[in-house]
S.K.: 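Okay, handing you the structure first.
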Amino acid sequence: MSDHEQQPAPRRGMVLEALTRAERKVFTRPAPKSAKAQVKFLLTRAKGSTKALAERLGVSRRTVQRYRAGQLTKPQQKLQAALVEETESEWQPRVRAQAREEAASSGGMMVHVIAYFGFTASGSSDDGRERHITTPISPTYAAQILQLQEAGATDEDLHPIVTEAITESYFTDWGSRNPGLTADFTHVRSIDLEF
């Protein structure tokens with residue numbers, strides 16, 4: 001691939017999407033729903049710059065101005081998705097920061113996962129299989145996951161930490177059983193996190 005060709009944008013993975021959903025669950029007030037309210041909110045975040053907001057949304061300045069004035073009310077599907085995503089990513093930053101800080105310092109997180117778990121341990125007779133697991137993740141692992149997310153980690157970067165956290169919590173009961181057991185999960189059907 002030459003220097004002038006663009007690389008495809010990395011697809012958001014299941015762990016990153018689960019972290020985003022977890023942050024949005026802690027909102028204390030609902031985010032703006034109408035296109036006009038979303039544009040007005042995003043304009044306050046963009047310090048009133050219709051140009052900056054138009055670039056973020058992938059539309060023209062005039063389109064942003066029309067939504068702000070209420071001349072347009074029903075955005076096309078792509079713009080509607082962009083408005084929702086941008087609004088929710090900017091909504092209540094202090095509430096999200098408090099939830100992240102609590103998870104990293106004292107509360108930890110809860111993980112719900114449906115995936116195929118395989119094992120390696122001496123003398124293990126437990127063959128790998130699909131499992132539905134709900135287990136807490138310690139604040140230490142929660143802090144690592146959140147730091148990696150803030151640093152721009154991909155799902156491939158987060159996967160080993162989440163696997164290790166689930167192994168320690170669920171399979172080895174914080175080190176009190178199954179010493180030396182390591183688990184890997186693949187074929188993840190769903191994952192959900194809660195602060």
Side-chain angles (χ1 to χ4, degrees), residues 6-113 134 136-137 139 141-159 161-162 188 190-195:
Q6 286 188 337
Q7 300 251 345
R11 189 176 80 70
R12 286 185 57 99
M14 293 181 101
V15 176
L16 290 171
E17 288 176 4
L19 285 167
T20 300
R21 285 191 311 271
E23 282 185 342
R24 292 176 182 173
K25 286 179 187 174
V26 300
F27 290 161
T28 57
R29 294 179 311 163
K33 298 289 183 212
S34 73
K36 181 178 179 179
Q38 290 169 332
V39 168
K40 282 186 173 185
F41 169 74
L42 291 170
L43 279 169
T44 61
R45 295 293 186 188
K47 298 181 176 35
S49 171
T50 55
K51 181 181 179 184
L53 181 56
E55 288 174 4
R56 278 176 68 183
L57 297 174
V59 296
S60 69
R61 285 178 85 166
R62 186 68 188 127
T63 300
V64 171
Q65 292 166 350
R66 286 182 180 132
Y67 278 105
R68 178 180 59 192
Q71 294 170 340
L72 295 176
T73 57
K74 301 234 186 239
Q76 293 179 351
Q77 191 173 5
K78 184 177 176 184
L79 177 57
Q80 179 62 41
L83 282 169
V84 169
E85 177 62 30
E86 291 296 326
T87 300
E88 290 185 352
S89 71
E90 295 280 336
W91 190 247
Q92 295 191 323
R94 282 185 258 161
V95 171
R96 284 197 321 265
Q98 287 172 347
R100 292 171 69 87
E101 178 61 34
E102 183 179 335
S105 61
S106 62
M109 290 191 282
M110 184 66 73
V111 64
H112 312 278
V113 66
T134 300
I137 292 178
Y141 285 113
Q144 289 176 3
I145 291 166
L146 294 171
Q147 287 170 355
L148 284 171
Q149 180 198 26
E150 288 174 7
T154 64
D155 241 37
E156 290 77 30
D157 300 326
L158 293 169
H159 195 86
I161 303 294
V162 174
V188 179
S190 73
I191 185 166
D192 200 20
L193 296 165
E194 294 176 17
F195 290 120

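Source: prediction; values computed, not measured.
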S.K.: Looking at CZ of Arg68 and CG of Leu43, how far apart are the two atoms once the value is rounded to the nearest 0.5 Å?
M.R.: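 Those atoms lie 5.5 Å apart.
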S.K.: Gln147 and Arg100: side-chain donor and acceptor closer than 3.5 Å?
M.R.: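 Side-chain D/A pair, Gln147 to Arg100: absent.
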S.K.: Does the side chain of Val15 reach to within under 4.5 Å of the side chain of Val188, using non-hydrogen atoms?
M.R.: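 Counting from C-beta outward, Val15 and Val188 never come under 4.5 Å.
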S.K.: Could you tell me whether a side-chain N or O of Thr87 sits under 3.5 Å from a main-chain N or O of Val84, the two making a donor and an acceptor?
M.R.: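 Absent.
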S.K.: Once rounded to the nearest 0.5 Å, what's the spacing between atom CZ of Arg96 and atom CH2 of Trp91?
M.R.: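 Interatomic distance, Arg96 CZ to Trp91 CH2, rounded to 0.5 Å: 11.0 Å.
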S.K.: So Gln71 and Arg62, do their side chains get closer than 4.5 Å, heavy atoms only?
M.R.: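 Yes. Closest side-chain heavy atoms under 4.5 Å.
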S.K.: Does the side chain of Ser49 reach to within under 4.5 Å of the side chain of Lys47, using non-hydrogen atoms?
M.R.: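 Contact flag for Ser49/Lys47 side chains = no.
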S.K.: Could you give the distance from CG (Leu42) to CG (Leu83), rounded to the nearest 0.5 Å?
M.R.: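 The CG atom of Leu83 is 6.5 Å from CG of Leu42, to the nearest 0.5 Å.
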S.K.: Output yes when Arg56 and Glu90 qualify as a salt bridge under the 4.0 Å nitrogen-oxygen rule, no when they do not.
M.R.: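 A salt bridge is present here (some side-chain N lies under 4.0 Å from a carboxylate O).
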S.K.: Would one find more than 12 heavy atoms of other residues, nucleotides or ligands at under 6.0 Å from atom CD of Gln76?
M.R.: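 Open.
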S.K.: Measure the spacing between CD1 of Ile145 and CG of Leu148 and express it to the nearest 0.5 Å.
M.R.: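 Interatomic distance, Ile145 CD1 to Leu148 CG, rounded to 0.5 Å: 8.0 Å.
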S.K.: Can you tell me how far apart CZ (Arg94) and CD (Gln92) are? Round to the nearest 0.5 Å.
M.R.: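 Going from CZ on Arg94 over to CD on Gln92, the span is 9.5 Å.
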S.K.: Sort and list the pairs that fulfil ring pair (Phe, Tyr, Trp, His ring centres under 6.0 Å) and have at least one residue in residues 63-84, not counting sequence neighbours.
M.R.: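 Every candidate ring pair (Phe, Tyr, Trp, His ring centres under 6.0 Å) pair involving residues 63-84 fails, so no pair, neighbours aside, qualifies.
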S.K.: Once you round to the nearest 0.5 Å, how far does CG of Leu53 lie from CZ of Phe41?
M.R.: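 Going from the CG atom of Leu53 to the CZ atom of Phe41 covers 11.0 Å.
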S.K.: Apply the test salt bridge (Lys or Arg N to Asp or Glu O under 4.0 Å) to residues Arg24 and Glu85: give CA-CA distance (whole Å), side-chain angles for both, the deciding distance (0.1 Å), then the verdict.
M.R.: CA-CA 11 Å; Arg24 292 176 182 173; Glu85 177 62 30; 3.1 Å; yes
S.K.: Locate the shortest heavy-atom distance separating Pro93 from Arg45; write the atom from each residue and the value.
M.R.: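 In terms of heavy atoms, the two residues are closest at CD-NH2, 3.5 Å.
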S.K.: Is it the case that more than 12 heavy atoms not belonging to Glu102 sit under 6.0 Å from its CD atom?
M.R.: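 No, the 6.0 Å shell around CD holds no more than 12 heavy atoms from other groups.
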S.K.: Answer yes or no: are there more than 12 heavy-atom neighbours, outside Lys25 itself, under 6.0 Å from its atom NZ?
M.R.: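 Count over threshold, so yes.
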S.K.: Report all side-chain donor-acceptor pairs from residues 105-113 shorter than 3.5 Å, counting only partners two or more places apart or in another chain.
M.R.:
{"unit_1": "Ser105", "atom_1": "OG", "unit_2": "Glu101", "atom_2": "O", "d": "2.8"}
{"unit_1": "His112", "atom_1": "ND1", "unit_2": "Thr134", "atom_2": "OG1", "d": "3.1"}
{"unit_1": "His112", "atom_1": "NE2", "unit_2": "Glu194", "atom_2": "OE2", "d": "3.0"}

S.K.: Answer yes or no: is there a side-chain heavy-atom contact under 4.5 Å between Val162 and Ile191?
M.R.: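 The answer is yes, as the side chains (C-beta and beyond) meet within the 4.5 Å cut-off.
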S.K.: Could you check if a side-chain atom of Leu16 sits within less than 4.5 angstrom of a side-chain atom of Gln149, using non-hydrogen atoms only?
M.R.: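 They are in contact (side-chain heavy atoms under 4.5 Å apart), so the answer is yes.
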S.K.: Is the closest side-chain heavy-atom distance between Thr73 and Lys36 below 4.5 Å?
M.R.: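 When only atoms from C-beta onward are counted, Lys36 and Thr73 do not touch, as no gap falls below 4.5 Å.
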S.K.: What pairs with Ala99 under side chain to side chain contact (heavy atoms under 4.5 Å, CB included), at least two apart in sequence or on another chain?
M.R.: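 Listed in chain order: Val26, Phe195.
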